[in-house]
K.L.:
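Right, I'll just put the structure down here and ask away after.
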Amino acid sequence: MDTQTIVILDFGSQYTQLIARRIRELNVFCVVLPCTAPLKEIQSYKPLGIILSGGPSSVYDPDAPAADPKILDEQTPILGICYGLHYIVHHLGGVVRPGPKREYGDAEVTVENAATPLFAGLPPRLQVWMSHGDEALELPAGFSRTAVSSNALAGIANEERRIWAVQFHPEVHHTPLGPQILKNFVFGICGADGDWTPAHFVETTVAAIRAKVGKDHVICGLSGGVDSSVAAMLVHRAIGSQLTCVFVNNGVLRKNEFQSVQKNLRDKLGLNLVAVDASERFLSKLAGVTDPEKKRKIIGNEFIAVFDDEATRIARETGGVDWLVQGTLYPDVIESSSVKGPSQTIKSHHNVGGLPEHMKLKLIEPLRDLFKDEVRRIGRDMGMPEEILSRQPFPGPGLAVRILGEVTADRVALLQEADDVVVSEIKAAGLYTKIWQSFAVLLPVMSVGVMGDQRTYAYTAAVRAVHSEDGMTADWTPLPYEVLKRISSRIVNEVRGINRVVYDITSKPPGTIEWE
Ligand code: XMP
């Protein structure tokens, strides 16, 4: 059975992901494609409806982003939002011009055609969020106005052609009845059933992977985090032992992590998992290195080398490896396929784990249409342990970017202990899943202390806890004093080698989440 899908064409709006999120909240599946996606690709989803996002451009700019105008002739219901409305008007023979006044922020809209199914059940006046400079001056033949703001036209429709559009943004929080408008489009106009469930996704994805892979062999680099684990689990469901997962101990994992990941993924979930303890290999390469970027590069390159060795060995044993599983998520896809090109703000160091060209592996990315919270739902549906699903993000270069100065086995052990105190106290206080990341950092700063009657001279640990939506910006978390007090006293008492604890109260920007 085909999954009922709404296709969202992205014209470069900062709100496109929000549209997708609102649609998924209705238990309706959707995908975002760049507006330049070929008609064939759009049609391959057999979309129930197409939403044209907003965007920062003007339709009359010479390089204005454009979709294939044939989508407007398909009788597939269309909803244009902001730039999407201009695009429709412009391509069907109407006129769009810069408006006399930019309309930005809260606005009130009057519904003029209450009978239009897009506005079913809504009051005659709506609070909405506007953000546009252009306006539609003349409508194309067959279109009529459905709503108006004090400044400009706010909604149009051509019901015969099954096209609706609004000038405002129904997807943002500042349009309180926006969800109802999207609901009217998706259910009332497109006829969706709202039956998209994790089980549905697992079933269709597993079948698709099975059909794609056939008898080939597949490998997956596991980090123990949510994304790679759920991706591996889906492939495991599809092809069982044809999948080999590789989990590398890079010497900078957290306390007991090498063992607990194996226990969860191999023992509990039955994945075919090869665990490679390469700590010495990594630590010897890191010896004497203090520059943060050098550390990152060494770990990234060494990971590729270890993974390459394993893949070669697995290929020898299995007669060849053709596919690589990656836990790419939907926000990653949008970042890299945006019409504006890859975002400037992504740091290159976040892409550790890129693999050498010569491997020539084809990619399986079963999560590339999903958000993180949906990945968790899917993991839960497959019975995966909460320990994996609710794990806070952990960077590829691990504790190495939390040990300032040289990374040695001793320092790793010190930080592992201090970090374990932070994490276990945060968990005990019931805060772990409410915080984006919480961890300890080992500073190369030594200071004097006193314990019993003894003078101490030892290292400093910094405690970091931040709230964030996506890691791009973050606020430091005001942890309760009681929790800070327990963390501090336990670290100083239990971790020999650390005699001082400080709390990091820097947000991002201007700080970063990791110290290096
Ligand atoms: P920063 O330190 O840049 O981190 O504020 C933002 C988010 O990204 C994580 N992070 C990484 N993740 N490889 C990763 O997989 C990396 O090299 C890396 N560096 C930072 C960080 O933990 C935070 O969630």
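Both counts, for ligands and for their atoms, begin at 1 and track the order of listing. These numbers come from a predicted model, not from an experiment.
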K.L.:
Is a donor from one side chain sitting under 3.5 angstrom from an acceptor on the other, for Asp504 and Thr506?
P.N.:
yes
K.L.:
Examine the side chains of Thr16 and Asp10 and answer whether a donor and an acceptor come within less than 3.5 Å of each other.
P.N.:
yes
K.L.:
Distance under 4.0 Å to a non-hydrogen atom of Thr512: what atoms of ligand 1 satisfy this?
P.N.:
1 (P), 2 (O), 5 (O)
K.L.:
Regarding ligand 1, does Arg296 bring an N or O atom to under 3.5 Å of one of the ligand's N or O atoms?
P.N.:
yes
K.L.:
For Gly396, is at least one N or O under 3.5 Å away from an N or O on ligand 1?
P.N.:
yes
K.L.:
Quick one: which ligand 1 atoms are inside 4.0 Å of a heavy atom on Trp436?
P.N.:
24 (O)
K.L.:
Is it the case that Ser438 and Gln392 place a side-chain donor and acceptor less than 3.5 Å from each other?
P.N.:
yes
K.L.:
Can you sort out which atoms of ligand 1 are near Gly471, meaning under 4.0 Å from one of its heavy atoms?
P.N.:
6 (C)
K.L.:
Below a 4.0 angstrom heavy-atom separation, can you tell me which part of Met472, side chain or backbone, both or neither, approaches ligand 1?
P.N.:
neither
K.L.:
What class does the angle between the rings of Phe29 and Trp196 fall in, given that below 30° is parallel, 30 to 60° is tilted and above 60° is perpendicular?
P.N.:
parallel
K.L.:
For residues Ser447 and Arg500, is any side-chain donor paired with an opposing acceptor at under 3.5 Å?
P.N.:
yes
K.L.:
Under 3.5 Å between any N/O of Ile513 and any N/O of ligand 1: does that happen in this structure?
P.N.:
yes
K.L.:
I'd like to check which ligand 1 atoms, numbered from 1 as shown, lie under 4.0 Å from a non-hydrogen atom of Pro397.
P.N.:
13 (N), 16 (C), 17 (O)
K.L.:
Would you please say whether a donor-acceptor pair under 3.5 Å links the side chains of Ser223 and Ser228?
P.N.:
yes
